[in-house]
Number of protein chains: 2
Amino acid sequence: MIAPMDARRMDDRQGSIRKGRKFDQVLDGARTIFLRDGFEGASVDDIAREAGVSKATLYAYFPDKRLLFMEVAKGECARQADEALQVLDLTAPPEVVLRGAAERIVAFLSSDFGQKMFRICVAESDRFPALGQEFYQSGPLLVRERLADYLRLAVGRGELAIDDIDLAADQFAELCKADLHARLIFGIAAEATARDARRTIDGAVEMFMARYGMAARKLA
Amino acid sequence: MIAPMDARRMDDRQGSIRKGRKFDQVLDGARTIFLRDGFEGASVDDIAREAGVSKATLYAYFPDKRLLFMEVAKGECARQADEALQVLDLTAPPEVVLRGAAERIVAFLSSDFGQKMFRICVAESDRFPALGQEFYQSGPLLVRERLADYLRLAVGRGELAIDDIDLAADQFAELCKADLHARLIFGIAAEATARDARRTIDGAVEMFMARYGMAARKLA
DNA sequence: CCAAATCTAAACCGATTGGTTCAGATTACA
DNA sequence: TGTAATCTGAACCAATCGGTTTAGATTTGG
């Protein structure tokens with residue numbers, strides 16, 4: 001039951017709203033409960049209990065439930081994005097880079113955190129617009145931008161032929177969901193088997209290369 | 001304020017649980033409120049008021065809120081699916097058939113109903129598993145099956161070359177979401193412009209044909 | 001026209017919620 | 001040490017919720 005709060009004691013404490021010493025406890029507890037029960041489903045009392053903090057303290061840090069959730073979501077998405085899209089050798093052939101990217105995307109979609117956060121943000125994003133936008137920007141949009149950066153690189157190298165880079169990036173990300181995402185999100189499958197993942201990833205890479213690889217250009 | 005309840009007075013009244021004359025009123029009211037407020041967000045009192053019916057009557061038809069929502073979702077999804085995937089000339093060239101299918105898929109994703117139902121089902125599908133499964137079966141799965149049927153046809157005709165038909169169908173459906181679905185779902189864009197829709201649809205058809213069209217086979 | 005089926009309105013229940021308040025304990029800091 | 005900041009715990013609030021009950025009105029069909 002010991003929360004892993006290692007290297008984040010005095011880092012991102014810029015213009016935030018914290019005042020005291022139990023800031024991290026609150027955030028950790030909130031993350032646990034929100035991920036377990038969703039946004040509406042999570043009660044503030046539960047969060048305070050899990051955090052080992054009085055409700056008064058919690059409300060001293062975060063003026064309301066939404067702000068608290070936003071903070072949790074923001075931090076966690078940034079963390080996931082950082083540690084996911086780091087170690088990719090962008091000089092490798094497109095098939096290799098794309099496969100690596102696909103593996104990371106699939107891993108995120110399949111993860112417990114990815115699924116629950118997606119669910120919550122989708123659910124709440126019309127009565128709570130700021131949340132949807134925040135998630136979109138630090139999720140799908142970020143992935144698209146990184147992918148687009150690489151695609152531009154590969155096009156410059158003559159490895160790929162793409163006119164609408166943004167569209168291509170979105171298409172690839174979307175292909176990585178095929179058959180997997182819906183089954184997970186709607187609870188048809190509890191988790192993605194390695195076989196399913198491989199099938200989707202292979203399919204995505206092959207399709208992308210068929211469309212944008214240089215081999216196809218011989219026909220044009 | 002007159003609900004359009006035309007040709008469904010004495011049709012699907014098989015083994016259901018109705019007893020009286022205000023069945024349709026309840027369902028119509030429930031649909032309105034559920035679509036406006038979501039599942040958790042909708043209060044049974046609101047539904048009864050909108051339906052012009054007492055709460056006691058409502059509970060005489062539907063033992064609880066979930067059953068009521070399931071009935072609404074089931075009926076509405078079936079209706080949408082029927083009227084959407086009907087008028088397609090399957091003998092036309094693949095580019096044409098696929099474009100037609102893509103247009104319908106995009107239209108559904110962009111529709112108010114499509115968005116709200118998706119949101120609700122995603123949100124509720126882990127604390128309410130039957131709902132997620134019901135939606136998956138009468139939504140994504142149904143689309144995939146119809147698409148797969150057509151693809152098999154086209155492959156038999158020698159117009160396409162596909163080994164994993166189910167995967168191809170999923171890929172196509174997924175490509176139709178590129179850049180559109182996320183922006184709508186997370187409230188970045190209020191609605192899809194005709195230009196955006198065309199871009200996504202063209203992109204999906206071109207990519208699919210590049211991968212599975214007969215032209216590509218010349219290389220293998 | 002009467003009796004059975006259906007519907008109504010409103011009161012009611014127990015539970016839960018997000019959020020507030022406050023007197024007093026604990027901590028940090030100088 | 002002393003004082004200011006921080007934290008506690010529990011009581012409290014108003015509101016909302018899904019669902020039940022009941023006594024009586026309305027409709028239906030024979």
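Every chain is numbered from 1, with letters handed out A, B, ... down the list of sequences. Both backbone and side-chain heavy atoms feed into the values below; hydrogens, waters and symmetry mates do not.
Distance from the side chain of A/K22 is smallest for D/dT8 among the nucleotides D/dT6, D/dT22, D/dT8. Of the candidates D/dT8, D/dG18, C/dC7, C/dC7 carries the atom nearest the B/R21 side chain, counting heavy atoms from C-beta on. When distances run from any side-chain atom of A/D45 to the nucleotides C/dT21, D/dG19, C/dG18, the shortest one goes to C/dG18. Of the candidate nucleotides C/dT8, D/dC7, D/dT8, D/dC7 has the atom lying nearest to any side-chain atom of A/Y61. Comparing C/dA9, C/dG18, D/dC17 against the side chain of B/S43 picks out D/dC17 as the nearest.
The aromatic rings of A/F62 and A/F23 sit tilted, their planes meeting at an angle between 30° and 60°. Relative ring orientation between B/F108 and B/F113 is described as perpendicular, the plane-to-plane angle rising above 60° on a 0-90° scale split at 30° and 60°.
Here A/S54 reaches the OP1 or OP2 of D/dT8: one of its side-chain N or O atoms lies under 4.0 Å away. Here B/K65 reaches the OP1 or OP2 of D/dG18: one of its side-chain N or O atoms lies under 4.0 Å away.
Per the geometry, CZ belonging to A/R49 stands 11 Å off P belonging to D/dA10, to the nearest Å. One interatomic measurement links the two molecules: CG of A/L58 to C1' of D/dA10, which rounds to 16 Å at whole-angstrom precision. Taking atom CD1 of A/I47 as the reference point, atom C1' of C/dG19 lies 13 Å away to the nearest angstrom. Across the protein-nucleic acid pair, B/R127 atom CZ and D/dG18 atom C1' stand 15 Å apart, rounded to whole Å. Rounded to whole angstrom, the span from the CG atom of B/D64 across to the C1' atom of D/dT20 amounts to 14 Å. If you take CD of B/E40 and P of C/dT17, they are 11 Å apart, rounded to a whole angstrom. Put simply, CZ on B/F62 is 13 Å from P on D/dG19, counting in whole angstrom units. As rounded to whole Å, 12 Å separates atom P of C/dG18 from atom CD1 of A/I33.
Judged by distance alone, with hydrogens and angles left aside, the side-chain atoms of B/K177 form no donor-acceptor pair with the main-chain N or O of B/I105 at under 3.5 Å.
You'll find a donor-acceptor pair under 3.5 Å spanning the side chain of B/K55 and the base of D/dG19, going by distance alone.
As judged by a 4.0 angstrom heavy-atom cut-off over every strand, A/G52 is placed among residues touching the sugar-phosphate backbone only. B/A42 comes within 4.0 angstrom of sugar-phosphate atoms only, judged by non-hydrogen atoms across all strands, and of no base.
For A/F172, the ring-ring contact (aromatic ring centres under 6.0 Å, His included) partners at least two apart in sequence or on another chain are A/F208.
Between B/R152 and B/D149, at least one side-chain N (NZ, or NE/NH1/NH2) sits under 4.0 Å from a carboxylate O, which counts as a salt bridge.
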